[in-house]
2 protein chains.
Amino acid sequence: MTIDTNRRPSKRERTLAALVEHGLDLFERQGYDQTTVAQIARAAGVTEMTFFRYFPAKEHLLLDDPYDPQLTAAVAAQPRDLPPFLRAARGIRAAWRALPEPETPSIRRRVRIAAGTPSLRGAMWRNTGNTERAIVEQLVADGASPDEARVAAASVLAALVAGLFLWAEQERTTLADAIERALDVIEVGA
Amino acid sequence: MTIDTNRRPSKRERTLAALVEHGLDLFERQGYDQTTVAQIARAAGVTEMTFFRYFPAKEHLLLDDPYDPQLTAAVAAQPRDLPPFLRAARGIRAAWRALPEPETPSIRRRVRIAAGTPSLRGAMWRNTGNTERAIVEQLVADGASPDEARVAAASVLAALVAGLFLWAEQERTTLADAIERALDVIEVGA
DNA sequence: GCGCAAAATGTGAGTCACTAACATTATCGC
DNA sequence: GCGATAATGTTAGTGACTCACATTTTGCGC
């Protein structure tokens, strides 16, 4: 069930790590738009082509949006008699509250770059696609209409992303706090 | 104050109209991603270069997001004692309710293309930038904190866009109705 | 260690969005 | 008609991304 941390990482794992490492580094030092895929590849010791074998597009080095089963579970755990919008909001709240602390530095690095790059703000939104689909499915499974579910998921995720951006910009706050405050803004009725 | 509809449109106006006309036409017939800027330009009788003198990017032929002063006014007209999220939601509701009927066919055409093109869903979001800024400014001017204002504006606009997509997909509903229903989903508390 | 299938990577050529410097043509007021 | 200026064209380039095909590496059974 656990990952074997002793074995030497495979070549695939090593190049992936190298690409991410040098990519984030270059983005931070010269900006996302000023960094070329060829540069990242060269820094990682591979070809431009290889980069695209690991990421479908440049922006995916930064934004991955892995499907998170815990999120679905958290949404499902909300009381059924709540309107879908609130089920989504509270589910996201619970899921992020449970996020292990050690993961936040990596997230911060990524979000900070995305927040400071106009061309990425839209990409960030587009990349919530997996999460959005998962939330919609769960809401529908719990009895919401598809239309209602889509609006609720989109709106709540937009608040989440906005909260992430704010958190990345201001140094002092905790990730969990920022998310909570963002969700407080949109959960006005209760 | 009104536009002189009798005078022959200037060359600039004519090429602009031709680009939009043939662009939308090609997008509808072969899909956005399958349509090349060169194709649009050729259909409109100009060069690729000319296209980019009219639009900063391909997607701008579809999504323009002009700043709408009526929207700001509608947000400003909401009672100050309401939380920012509700002021934004109700402001948008009022502004779109007042939208003149004749404009909707053009919007529908555009939104339908955007809704059916994954690569444009993010672009649509990015292009609400002007509107978002305007709403944030108005909310802040009315006493909201900048953080709160940004989250509220982002979340409400996401609901609006989601509503637009739903409207574009289903034939029978009115634009105004679709927007109202979308906003109903997120205005749960009152 | 050895060999070999599969995985990982490289090469080269091409498409498309978009940019910039400079030359050319069309338009419109006079 | 004439001239300033707006509109357009030309050429050349960059960078993200794709594809077909060739080559190297890796890891595993023996």
Side-chain angles (χ1 to χ4, degrees), chain A residues 4 6-24 26-27 29-64 113-114 117-124 126-127, chain B residues 4 6-24 26-27 29-64 113-114 117-124 126-127:
Chain A
D4 179 1
N6 289 338
R7 87 163 199 290
R8 179 161 184 264
S10 73
K11 177 152 197 178
R12 180 162 196 92
E13 288 166 326
R14 269 180 288 134
T15 34
L16 180 64
L19 283 172
V20 170
E21 197 60 24
H22 290 101
L24 293 185
L26 286 167
F27 288 163
R29 283 173 29 208
Q30 17 172 290
Y32 176 85
D33 287 328
Q34 286 67 47
T35 302
T36 199
V37 170
Q39 275 177 38
I40 301 173
R42 196 156 47 80
V46 293
T47 299
E48 200 182 339
M49 178 81 260
T50 297
F51 179 95
F52 288 108
R53 283 205 249 261
Y54 284 84
F55 304 99
K58 182 182 173 186
E59 62 185 54
H60 281 74
L61 188 144
L62 211 52
L63 315 165
D64 239 338
I113 296 169
T117 308
S119 64
L120 280 177
R121 295 190 144 250
M124 183 100 180
R126 175 171 53 248
N127 269 72
Chain B
D4 179 0
N6 291 335
R7 89 163 194 288
R8 179 162 184 262
S10 72
K11 177 154 197 178
R12 178 160 198 92
E13 288 166 325
R14 269 181 289 135
T15 36
L16 179 65
L19 283 172
V20 171
E21 197 59 23
H22 290 100
L24 292 185
L26 286 167
F27 288 163
R29 282 174 28 208
Q30 19 173 289
Y32 177 85
D33 288 327
Q34 286 68 46
T35 302
T36 198
V37 170
Q39 275 177 38
I40 301 172
R42 195 157 48 81
V46 293
T47 298
E48 200 183 340
M49 178 81 260
T50 297
F51 178 97
F52 288 108
R53 284 204 249 259
Y54 284 84
F55 304 99
K58 183 183 173 185
E59 61 184 56
H60 282 74
L61 188 143
L62 211 54
L63 315 165
D64 240 338
I113 295 169
T117 308
S119 63
L120 279 177
R121 294 188 145 253
M124 183 100 180
R126 175 170 54 248
N127 269 72

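Here is how names work: the chains are called A, B, and so on, in the same order as the sequence lines, proteins then strands, and each is numbered from 1. Keep in mind that the numbers below use all heavy atoms, side chains included, and drop hydrogens, waters and symmetry copies.
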Just N and O in the side chain of A:Thr36: are any of them under 4.0 Å from OP1 or OP2 of D:dA16? yes
Between D:dG15 (P) and A:Leu26 (CG): distance, integer Å: 14 Å
Would one find a side-chain N or O of B:Tyr54 under 4.0 angstrom from OP1 or OP2 of D:dT8? yes
For B:Arg14 and C:dA26, give me the distance from atom CZ to atom P, rounded to whole Å. 13 Å
Per nearest nucleotide of DNA chain C, the residue lying toward the 5' end, B:Lys11 or B:Lys58, is B:Lys58
Only pairs at least two apart or in different chains count here, so list each side chain to side chain donor-acceptor pair (under 3.5 Å) that has a residue in residues 41-54 of chain A. A:Thr15-A:Tyr54
Side chain to side chain contact (heavy atoms under 4.5 Å, CB included) between A:Val20 and A:Phe55, intermediate numbers included: CA-CA 10 Å; A:Val20 170; A:Phe55 304 99; 3.9 Å; yes
Please say whether the positively charged group of B:Lys58, taken as NZ for Lys or CZ for Arg, lies over the ring of B:Phe27, i.e. under 6.0 angstrom from the six-membered ring centre and within 45 degrees of the axis. no
Can you figure out which of D:dC17, C:dT11, D:dG9 approaches the side chain of B:Arg53 most closely? D:dG9
Send over the distance from B:Met49 CE to D:dG13 P, rounded to a whole Å. 16 Å
Just the rounded figure in Å: distance from P of D:dC17 to CG of A:Leu61. 11 Å
Identify the two heavy atoms, one from A:Ile40 and one from A:Leu19, that lie closest to each other, and give their separation to 0.1 Å. CG2-O, 3.8 Å
Looking at B:Thr50, does any N or O in its side chain come under 4.0 Å of the phosphate oxygens OP1/OP2 on D:dA7? no
For the pair made of CG in B:Leu16 and C1' in D:dA7, what is the distance, rounded to whole Å? 13 Å
Value in whole Å for how far the P atom of C:dC16 lies from CD of B:Gln34: 11 Å
Rounded distance in Å - CD (A:Glu48) to P (C:dG12): 14 Å
Could you give the CZ-to-P distance, from B:Arg12 to C:dC28, as a whole number of Å? 13 Å
